[in-house]
Every structure is written in structure tokens, then in C-alpha cells.
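Here the structure is a predicted model, which means the values were calculated and not measured. If you read the sequence from its start, that first residue is 1, and numbering goes on from there. Keep in mind that the numbers below use all heavy atoms, side chains included, and drop hydrogens, waters and symmetry copies.
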Amino acid sequence: RLSSLYPAGIVEYAQEGYYVSLPKVISQDKAMPVLVCLPGWGVRARGDINTWAFPAGKKGFVLIDIDINYSSVGSDSDVKALYKRIQDIVTSVSKEHNIDRNMVFIAGTSAGGMMAISLALSSPTKFRAIGVISGGRLSFGAEAYLKNAKGQLFCFYHGQRDKPIPVGEFYNTKKKLERNGAIVEFKVIPEGTHTLPSGYYKELVDWFYQLS
């Protein structure tokens, strides 16, 4: 394993293709919650993690950001393989840090948000809650697992002026999830486009923190 510590406190696990950021204050007595983040299409985890690191660290989360080649995820087995990869990474991190395996949250931006939905629906009960920024579309086989939405907690942030994923498509996704028993919180940003300000990432982390 090759790893290096960046000035921001981010550790790179180069061979495995993921990055870890630890909380500013590490509790020795209490296991820490985990936030798994998935970047957008063509975005590297090395850059994406900087968006999440400060609010996640402030709230005591161990943050894991993972490189994903979305063009290689084309089947149900590919999604299941990605979930196993996430499981393996969390297991590896748990060997180095005191984390709560029952408090694993997942979030993503754009394609990462769509993938987070698919992972949560295809592997129900595995994530404490799911956060989606500018990714309110059912993709990567999510439609086939909508029956697994019952009781799952989702939080969406979506721009009213989002062109790649129009806001109407987000509302359709929300309706389908709720129809199948999901609990959905959301915020539509009136002037928001597909790229939303970092403040909304902080709000999402705050929402996760209330559930941890």
C-alpha cells in the first residue's frame, strides 16, 4: 500500500484508489461515524474530498472518497462489485481507526449521487442515510430495486436551473422513492445550477450528523 499525508490531513491510498480524511478531534472512547463520498463523472476523489473534508471533520466523521470509473459500471453485477469494494475499504479503514460500522453514511454529487441511490436500493439497510447533490435521477439500475426504498432516509439538494438533470426529473425521482416508502428530505435552490455552492455540502453533513 502506498500512502502519503497531504497538508490538509488527507491520506491517499494510491493503489486502492481512495482517500481518507480524519476528524479534527479523534475520540478514543467512542467509535466514529463514516461518510463515504462518490465524486461526479470525470471528477477525481482527490479533488472531491476537499469539498467534504472540512464540514465532515468538524462533525467527527471519518471521510472516505473513492475514485470511480462510471463508464465501466454497466450492469447489476458491476453495482454489486462496487458495493463490495466499498465494504472492503471500510473494513480496511476500520483496522486503522475506531469507526462505527453501523453508522456508515453515503453521499455523492451528480453521477456520484445517482450511484449512491443505486447502491442504497440494491443493498438495503447497509447505509444509515443517503445524501444526493445534483444527482436526482434513477440510474445504474436503481429502478429495479425501488421496492427496497421502504424506510430508507434520503436528503437531496437540487438546483432549480440544473440543466443536465432538470428539476422535474428530480421531483419524479422523489415521488417514486416516496411511493415505495422512502423518507425524503430535500431543498430545491431557486437560482441553483448543476454546480452548487459548498455551503450545501455543509448542510448535508449537518443532516447526517443529526442522525449519527
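Rounding to the nearest 0.5 Å places CG of Leu22 at 10.5 Å from CD1 of Ile99. Atoms OH and CD1, from Tyr200 and Ile189 in turn, are 5.0 Å apart once rounded to the nearest 0.5 Å. Distance check: Phe154 CZ to Leu177 CG gives 5.0 Å after rounding to the nearest 0.5 Å. Separation of atoms CE (Met103) and NZ (Lys30) is listed at 8.5 Å; rounding is to 0.5 Å. Atom CG in Leu121 sits 6.0 Å away from atom CD in Gln152 (nearest 0.5 Å). Separation of atoms OG1 (Thr125) and NZ (Lys150) is listed at 14.0 Å; rounding is to 0.5 Å.
In this pair, Tyr13 and Tyr18 present their aromatic rings parallel. The plane angle is below 30°, not in the 30 to 60° band. Using a 30° and 60° split on the angle between ring planes, Phe140 and Tyr70 fall in the tilted class, from 30° to 60°.
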- Item | From CA spacing to verdict: side chain to side chain contact (heavy atoms under 4.5 Å, CB included), Ser75, Asp78 | CA-CA 5 Å; Ser75 67; Asp78 293 332; 3.1 Å; yes
- Task: Would you please test Val62 and Val93 for side chain to side chain contact (heavy atoms under 4.5 Å, CB included) and show each step?
- Result: CA-CA 9 Å; Val62 172; Val93 172; 4.1 Å; yes
- Message: If you apply the rule side chain to side chain contact (heavy atoms under 4.5 Å, CB included), what do you find for Phe105 with Ser212, and how did you get there?
- Response: CA-CA 9 Å; Phe105 298 80; Ser212 64; 4.0 Å; yes
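Using a distance-only test at 3.5 Å, with no hydrogens or angles considered, a donor-acceptor pair links the side chain of Thr173 to the main chain of Gly136. In this structure, Asp67 contributes its side chain and Ala45 its backbone to a donor-acceptor pair below 3.5 Å. A distance-only check finds no donor-acceptor pair linking the side chain of Asn172 to the backbone of Gly168 [under 3.5 Å]. A donor-acceptor pair is defined here as one N or O able to donate and one able to accept, closer than 3.5 Å; no such pair exists between the side chain of Ser118 and the backbone of Met115. In terms of modelled atom types and a separation under 3.5 Å, the side chain of His158 and the main chain of Ile165 share a donor-acceptor contact.
Under the 4.5 Å side-chain criterion, counting only non-hydrogen atoms from C-beta, Tyr201 is not in contact with Tyr157. Using a 4.5 Å heavy-atom threshold, the side chains of Thr193 and Asp162 count as separate. The closest side-chain heavy-atom distance from Ser110 to Trp41 is not below 4.5 Å. Counting heavy atoms from C-beta on, the side chains of Arg101 and Thr91 come closer than 4.5 Å. Contact of the Arg161 side chain with the Glu191 side chain is registered, since non-hydrogen atoms from C-beta on lie closer than 4.5 Å. Using a 4.5 Å cut-off on side-chain heavy atoms (C-beta onward), Leu119 and Val36 make no contact. Asp206 is not listed as a side-chain neighbour of Pro55, based on a closest heavy-atom distance of 4.5 Å or more. Leu153 has its side chain within reach of Arg128: a pair of non-hydrogen atoms, C-beta onward, lies under 4.5 Å apart.
In terms of heavy-atom proximity, Ala142 sits nearest to Ile117 at CB-CG2, 4.4 Å. Shortest non-hydrogen contact noted between Val132 and Ile130 is CG2-CG2, 4.1 Å. In terms of heavy atoms, Leu38 sits closest to Ala116 at CD1-N, 3.9 Å. Contact detail for Leu211 and Ala129: the closest heavy-atom pair is CD1-CB, 3.7 Å. Taking each heavy atom of Met114 and Ser139 in turn, the nearest pair found is SD-CB, 3.8 Å. Residues Pro164 and Arg137 share a closest heavy-atom pair of O-NH2, 2.9 Å.
Under a hydrophobic clustering in which Ile, Leu, Val, Met, Phe, Trp and Tyr are joined whenever their side-chain heavy atoms come within less than 4.5 Å, directly or via other members, Tyr83 and Leu138 fall into the same cluster. Val43 and Trp52 fall into different hydrophobic clusters, defined by Ile, Leu, Val, Met, Phe, Trp and Tyr side-chain heavy atoms under 4.5 Å apart, directly or through other members. Ile10 and Phe54 fall into different hydrophobic clusters, defined by Ile, Leu, Val, Met, Phe, Trp and Tyr side-chain heavy atoms under 4.5 Å apart, directly or through other members. Note on Ile66: it clusters hydrophobically with Val11, by side-chain heavy-atom contacts below 4.5 Å among ILVMFWY residues.
A ring-ring contact (aromatic ring centres under 6.0 Å, His included) with Phe156 holds for exactly one of Phe186, Trp207, Phe170; it is Phe170.
Thr51 and Asp48 are not linked by any side-chain donor-acceptor pair at a separation below 3.5 angstrom, with hydrogens and angles left out of the test. In the model, Asp76 has a side-chain atom that pairs as donor or acceptor with a side-chain atom of Tyr145 under 3.5 Å.
Heavy atoms of other residues, nucleotides or ligands lying less than 6.0 angstrom from NZ of Lys80 number more than 12. In this structure, Lys95 places its NZ atom where only 12 or fewer heavy-atom neighbours from other residues, nucleotides or ligands lie under 6.0 Å away.
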